[in-house]
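For reference, the structure is listed below as structure tokens.
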Amino acid sequence: MMNLLVLHGPNLNLLGTREPQVYGVTTLDQINEDLVKFAADRGTSLQTFQSNHEGALVDRIQQARTDGTQFIVINPAAFTHTSVAIRDALAGVAIPFVEVHLSNVHRREAFRHHSYFSDLAEAVMAGFGPAGYRYAVDFALSRLAKIA
Ligand code: CA2
């Protein structure tokens, strides 16, 4: 069975409760439940993990090296623009990943235009809202099936 890991960075636990004009009305639990079902319907196991702490995300990425994770989908949230530590963890485990952003970061403040992840990512999604996670999982499944 294929194994995917979806990681969410800081403040994404607030989805659906604040700033709906920017981040929408869908909660993180709803996004995760949709992704688990989407993957399960395609015979794939999908784990999710959210943390507001950089080190916890680094630890979870390192764990992925030995828990059978074959592909990572990550929204590093604000750590996108700051975290060499999470970048190094992803490079260190050498598991392919897609970077996801709910909003179109390129249409926002200049400090959101730089990512510490994009040059290592297989692909980048920005501005698709919660559907971006699903597109990323679909892409990961295609990659693992060697059809994309
Ligand atoms: O667009 C995205 O997905 C971001 O990764 C979201 C981050 C932001 O720092 C990035 O530049 C772009 C912020 C996530 C904050 O999530 C909230 C959700 C609801 C209410 C408040 C914050």
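Start at 1 and go down the list; that is how both ligands and their atoms are numbered.
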With heavy-atom distances below 4.0 Å as the criterion, list the atoms of ligand 1 near [X].
{"X": "His81", "result": "10 (C), 11 (O)"}
{"X": "Leu14", "result": "19 (C), 20 (C)"}
{"X": "Leu12", "result": "14 (C), 16 (O)"}

Salt bridge (charged side-chain N to carboxylate O under 4.0 Å, His left out) partners for Glu33, two or more places apart | none
Taking N or O atoms only and a 3.5 Å limit, does [X] qualify as a polar contact for ligand 1?
{"X": "Val100", "value": "no"}
{"X": "Arg112", "value": "yes"}
{"X": "Ser103", "value": "yes"}

Pairing of Arg143 and Asp138 as salt bridge, 4.0 angstrom limit = no
For [atom], find the nearest protein heavy atom and state the residue, atom name and distance (0.1 Å precision).
{"atom": "atom 13 (C) of ligand 1", "result": "Tyr23 OH, 3.3 Å"}
{"atom": "atom 12 (C) of ligand 1", "result": "Val105 CG1, 3.6 Å"}
{"atom": "atom 2 (C) of ligand 1", "result": "Leu102 N, 3.4 Å"}
{"atom": "atom 21 (C) of ligand 1", "result": "Glu19 OE2, 3.6 Å"}

Do the ring centers of Phe128 and Tyr135 come within less than 6.0 Å of each other?
-> yes
Would you indicate whether Arg65, at its atom CZ, is surrounded by more than 12 heavy atoms from other residues, nucleotides or ligands within a distance under 6.0 Å?
-> no
Flag if over 12 foreign heavy atoms under 6.0 Å of NE2, His53 = no
Tyr116 meets the ring pair (Phe, Tyr, Trp, His ring centres under 6.0 Å) criterion, sequence neighbours left out, with His114
Would you mind telling me if ligand 1 is within reach of the side chain of Thr17, the backbone, both or neither, using heavy atoms under 4.0 Å?
-> neither
Heavy atom under 4.0 Å from ligand 1: found in His101's side chain, backbone, both, or neither?
-> both
Would you say [Y] and [X] are linked by a side-chain donor-acceptor pair, where the criterion is simply a distance under 3.5 Å?
{"X": "Thr69", "Y": "Asn3", "result": "no"}
{"X": "His8", "Y": "Asn32", "result": "yes"}
{"X": "Asn52", "Y": "Glu54", "result": "no"}

Which residue from Thr80, Asn75, Asn11 reaches closest to atom 15 (C) of ligand 1 through any of its heavy atoms?
-> Asn11
